[in-house]
There are 2 protein chains.
Amino acid sequence: MSAGEVGRARALHVRGMLDVLRHVHLHPETTRAELARDLGLSRGSATEIVARLRALGLVEETAAEPTGARGRPTRAVRRHDRGPVVAAVDVSYETWRLAVAHLGGELEEPRRERHRGQRPEEVLARISEALHETRAAFGTRLRALGVSVTGTVSGGRLVESATLGWRDVDVAARLRIAPLPVVIGNDATMAGVAEARRGAATGADVALHIAIEVGIGGVVLDHGRATVGSTGAGGEFGHLPFGDPDRPCPCGARGCWDLEVDGRALARILGDPPPAAPRSTADAVLRRAGAGDPAARAAVDRVAQNLGRGIGGLVNALDPRIVTLSGLAAAVFDLAGDSVRAAYRSGLMRFRRHDPPPLIRAAFPQDGSLRGAAELAFDTVLSEAGLDSWRADARPAPETA
Amino acid sequence: MSAGEVGRARALHVRGMLDVLRHVHLHPETTRAELARDLGLSRGSATEIVARLRALGLVEETAAEPTGARGRPTRAVRRHDRGPVVAAVDVSYETWRLAVAHLGGELEEPRRERHRGQRPEEVLARISEALHETRAAFGTRLRALGVSVTGTVSGGRLVESATLGWRDVDVAARLRIAPLPVVIGNDATMAGVAEARRGAATGADVALHIAIEVGIGGVVLDHGRATVGSTGAGGEFGHLPFGDPDRPCPCGARGCWDLEVDGRALARILGDPPPAAPRSTADAVLRRAGAGDPAARAAVDRVAQNLGRGIGGLVNALDPRIVTLSGLAAAVFDLAGDSVRAAYRSGLMRFRRHDPPPLIRAAFPQDGSLRGAAELAFDTVLSEAGLDSWRADARPAPETA
DNA sequence: GGGATTATGCTCGTGCAGCGAGCATAATGA
DNA sequence: TCATTATGCTCGCTGCACGAGCATAATCCC
C-alpha cells in the first residue's frame with residue numbers, strides 16, 4: 001500500500017453520532033435542542049454531529065411546525081428519506097410475513113403468504129426469494145435482517161418447533177443475504193422486545209412478556225434488552241414444571257406449564273380428545289365461554305387460574321416492573337381477568353401483594369414479533385460496525401492524500 | 001467564584017483509567033504489556049494511564065520476577081499498598097461477618113460475631129460499631145460498603161427474612177457510614193456474583209447460581225452482572241410453584257419449591273414434625289444418610305430429585321451456560337449426585353439433553369456472599385464517580401490558576 | 001409596530017485522551 | 001560481542017466534544 005495510508009485501520013470514535021442516531025430511532029420527531037438536552041450535549045456538539053449525520057445521508061432536517069412558543073423556532077431532525085432500512089421476517093403457524101422497517105421503527109405494510117403444508121426448505125426458499133426482491137428494490141439501503149420464528153431458537157438455529165413441525169433448521173443461514181447481518185429469535189422474544197421498546201412496557205426497567213399460542217413463550221426485558229441466556233433459548237417459561245408432575249410434554253419433560261394453559265388444556269378439561277390445532281380449539285372454547293356456555297366458561301376459568309398462578313411464580317423469581325400479555329394469554333385475561341388476577345395475587349410472595357406488578361395487554365398483538373425483529377436488526381445498524389459499513393457504502397473509495 | 005474557574009464542572013473522560021483499573025482488579029498480577037494487549041491500548045497510552053494511576057495512589061509498579069523469556073523484562077502492575085478498600089458485611093442465620101477487601105479481591109480475615117437472640121437494632125448497632133472501627137483504621141481508604149443478608153431484599157430494604165425472623169428492616173440505612181456508597185443484596189445473589197466473577201462460573205456468559213440454606217436462593221448472572229429485577233428481589237426461585245399446589249408456604253403462596261428441597265422437606269418425608277432449625281436438621285439427616293441409614297438416604301434421594309427437577313425447569317427457562325450449587329444444594333449433590341442429575345436431565349427439554357449445562361459445586365462455599373458483597377462495593381469504586389471522589393480525597397483542594 | 005424576551009444555530013478556540021512512529025532500554029542466546 | 005526480542009518512553013498528531021460569544025428568529029407586550 002501507499003505510504004500515505006497512516007492510521008487508516010484506526011478505530012473511529014463515533015459514540016456521539018450513535019447516541020444521536022439511536023435517539024432519532026427511538027424518538028422519530030426530535031429537534032437539535034432536544035437532542036442536546038436529552039443526551040447532555042452542548043449545542044455546538046449537536047450541530048456538528050447532526051451535520052455529520054446529514055452528510056452521511058442518515059438524517060434530514062426540515063422546518064418544524066410552529067409550536068406557538070417563544071424563541072427561535074427549531075428545525076425537526078428526521079430520518080433521511082433514503083436512509084437505512086432493515087427487513088423483518090416472521091414465520092408463524094400458517095403464514096410468513098416480510099416487512100421493511102425504517103429508522104424510527106415505522107413498518108411498511110408487510111407481504112404475507114400462507115405456507116401450511118410446505119416443507120421447511122420450500123418455505124425458506126420462498127422467503128429468500130422475497131428477500132432478494134426487497135434487496136433489489138432497496139439496494140444498499142437494506143442493512144440487516146431480523147427473523148422471528150415460532151419455536152425454540154438456540155445457538156442461532158431453530159432447534160425445535162412443535163407448531164411448525166420443524167426440527168433443527170438453520171433458518172438464519174437459509175435466509176442470509178450476502179453481507180448483511182442476520183439476527184434470529186423466538187417470536188415471543190421478539191414481541192417482548194417490541195413491547196419493551198415501543199409498546200406497553202415502554203420505560204419499564206425490567207419487563208416480563210408472556211405470549212400463548214400453542215404453549216407459552218416469553219422473555220424478560222432488561223432495559224429493552226432481551227435476556228435470552230447463553231444460547232438464545234431463554235424464555236421457555238412453558239417448560240417450567242408448574243403443572244401435573246405426571247403429565248408428559250412433547251418437549252420430553254413432564255409437568256410443563258405449557259400443558260395447563262393453552263388449547264390442549266382447555267380440551268382436556270372439557271373431556272375432549274387432544275386437538276390437532278390447539279390454537280383454533282382455544283379460540284372456539286373462548287367464543288363459547290364468551291357466549292355463556294358454562295362448561296367452556298369453567299374451563300377458561302381453570303386455565304385462567306393456571307396462568308395467573310404461574311405468572312405469580314415468575315414474578316416472584318424474576319421481579320419485573322410490569323407483565324405484558326399477548327395471544328391467548330391476553331384473550332383469557334379479557335374473558336376471565338378476575339380469575340387470572342386472583343390466582344396471580346395468591347401466587348405472589350406476601351410482601352409483593354400490596355403493590356404487584358400490573359398485568360397489561362400487549363400493545364402489538366398482531367405485529368409485535370415483526371416489530372421486535374426489526375428492532376434487533378436495527379441494533380446491528382446502530383452500532384459502530386453498522387455505521388462504519390454505511391459510511392463505506394455511501395462514500396466512494398477513500399482517497400489517499 | 002474566581003474568573004479562572006472555567007470548565008470545572010466538565011465531565012472527565014476517565015474511561016481508559018477505569019478500564020485499566022478494572023483489569024488490575026480482575027487480574028491482580030498484570031503488566032503494562034498485558035494491559036496494552038488485553039485492552040487494545042497502544043504502549044504509549046498504557047504508559048500514560050499507568051502513570052496517572054500511580055500518581056493517584058491506585059496502583060504500584062514493582063520489578064516482576066523474571067520469566068526466563070527473551071526481551072526486556074516487564075514490570076508488574078499491582079494494587080497500591082495504600083489504595084482503596086471496601087468493607088463487606090454478611091448477616092446470616094446465627095452470625096454476622098465483616099471483612100475488608102482490597103483491589104484485586106483479596107479479603108482480609110473477617111471479624112465474626114454471633115447474634116442469635118438479639119433484635120435487629122442491636123445486631124445492626126453492633127455491626128455499625130465495627131464498621132466505624134474499620135473506618136477509623138482505614139480512614140479515607142475505605143470507599144464503599146457491600147452488605148449481604150439472608151432474606152428477601154427489595155427496593156434496598158430487607159423486606160422479609162424467615163431465617164432471621166426480621167421483617168422490613170432498612171439494613172442499608174442503619175449501616176451507612178457518612179458519605180460512603182452502600183450496596184445491599186440477598187446472600188445468594190452476592191455469592192452468585194462471586195462465583196461468576198472469580199469462582200466456579202468464571203468466564204461463563206450466563207450462569208445460574210443455586211444456594212439452599214433454609215429455602216432456596218439463587219440468581220442469574222449475565223456476564224458477571226446479577227440480574228435482580230426491577231426492585232432487586234429477583235432470584236427468589238424458591239417461590240416458583242414447583243411443589244405440591246396445596247402446601248402453604250410461609251411466604252403466603254402455595255406449592256413453593258422451597259418446601260420440597262430443604263430441612264423442612266427432609267423432616268416431612270421422614271414423618272418428623274416441622275423442625276425449628278431446618279438447616280441443622282438437614283445436616284443431621286445428611287449425616288445419617290451418609291452413614292447408611294436407609295430412611296434418611298431415601299429422604300435425601302427424594303429431595304435430590306425435587307432439586308434436580310426444578311433446576312431442569314430453570315435451565316429450560318433461563319438458559320445458563322453452567323449451574324453452580326452451594327449450601328445444602330451442594331451437600332445433596334455430593335451425597336446423591338446421580339439422583340440430582342437424573343431428575344435434572346429428565347426435566348430438560350429434549351434438545352438440551354445431549355449437552356446440558358453442567359452442575360458444579362460453588363468455589364466459595366464459605367465466604368461467597370462476603371466476596372460478592374465486596375465485588376459489588378468495588379463496582380462503585382471502579383466507576384467514574386468513584387474515581388472522581390478518590391481523586392478529590394487524595395489531592396489537596398484544586399488550585400485556581 | 002418596535003423593542004424586550006426567549007430559544008436555538010453557528011463559529012471558533014481550547015483541552016483531553018489516545019494513537020503510533022521512532023528511539024531507548026534491558027533481558028536472552030548464539 | 002552482537003543479533004534478537006520485548007518492553008518503556010517521548011512526542012507530534014488527530015478526533016471529538018466543550019462552551020463562550022455572537023447571530024438569528026420567533027413570540028410577547030406595550
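Letters A, B, ... mirror the listed sequences (proteins, then strands); counts begin at 1.
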Sequence neighbours excluded, the answer for side-chain contact (heavy atoms from CB on, under 4.5 Å) partners of A:His80 is A:Glu60, A:Arg82

Do the side chain of [X] and the main chain of [Y] share a donor and acceptor less than 3.5 angstrom apart?
{"X": "A:Arg198", "Y": "A:Glu195", "answer": "no"}
{"X": "A:Thr202", "Y": "A:Gly199", "answer": "yes"}
{"X": "B:Arg197", "Y": "B:Gly224", "answer": "yes"}

Among D:dA17, D:dT7, D:dC9, which is the nearest nucleotide to the side chain of A:Glu48?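 The nucleotide sitting nearest to the side chain is D:dA17.
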
Side-chain atoms of A:Ile49 come closest, of D:dA17, C:dT8, D:dG8, to D:dA17

Nucleotide [N], atom [atom2] - distance to [atom1] of [X] in whole Å:
{"X": "A:Leu53", "N": "D:dC16", "atom1": "CG", "atom2": "C1'", "answer": "14 Å"}
{"X": "B:Glu61", "N": "D:dG8", "atom1": "CD", "atom2": "C1'", "answer": "10 Å"}
{"X": "B:Asp19", "N": "C:dC19", "atom1": "CG", "atom2": "P", "answer": "11 Å"}
{"X": "B:Leu18", "N": "C:dA17", "atom1": "CG", "atom2": "P", "answer": "11 Å"}
{"X": "A:Arg43", "N": "C:dC12", "atom1": "CZ", "atom2": "P", "answer": "17 Å"}
{"X": "A:Leu39", "N": "D:dC18", "atom1": "CG", "atom2": "P", "answer": "10 Å"}
{"X": "A:Leu41", "N": "C:dT8", "atom1": "CG", "atom2": "P", "answer": "14 Å"}
{"X": "A:Arg37", "N": "C:dG9", "atom1": "CZ", "atom2": "C1'", "answer": "14 Å"}

**salt bridge (Lys or Arg N to Asp or Glu O under 4.0 Å) against B:Arg79, all qualifying residues, sequence neighbours excluded** =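 Salt bridge (Lys or Arg N to Asp or Glu O under 4.0 Å) check on B:Arg79 returns B:Glu106.
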
Is the phosphate of [N], meaning OP1 or OP2, less than 4.0 Å from a side-chain N or O of [X]?
{"X": "B:Ser45", "N": "C:dG20", "result": "no"}
{"X": "A:Arg52", "N": "D:dA17", "result": "yes"}
{"X": "A:Ser42", "N": "D:dC18", "result": "yes"}
{"X": "B:Arg75", "N": "C:dT25", "result": "no"}
{"X": "B:Thr74", "N": "D:dG8", "result": "yes"}

Using atom names, set out every protein N or O paired with an N or O of nucleotides 3-5 of chain D below 3.5 Å, distance rounded to 0.1 Å.
{"unit_1": "D:dT5", "atom_1": "O2", "unit_2": "B:Gly71", "atom_2": "N", "d": "3.4"}

Is it true that B:Arg32 and B:Glu61 have a side-chain N and a carboxylate O under 4.0 angstrom from each other?
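Salt bridge present between B:Arg32 and B:Glu61.
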
So, B:Asp222 and A:Arg225, do they make that salt bridge, N to O below 4.0 Å?
-> yes

* Starting from the 5' end of DNA chain D, give me the residue, B:Gly44 or B:Ala33, whose nearest nucleotide shows up first. =>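 The answer here is B:Ala33.
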
Under 3.5 Å, is there an N or O donor on one side and an acceptor on the other linking the side chain of B:Arg32 and the base of D:dG8?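 By the distance-only test, no, there is no pair.
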
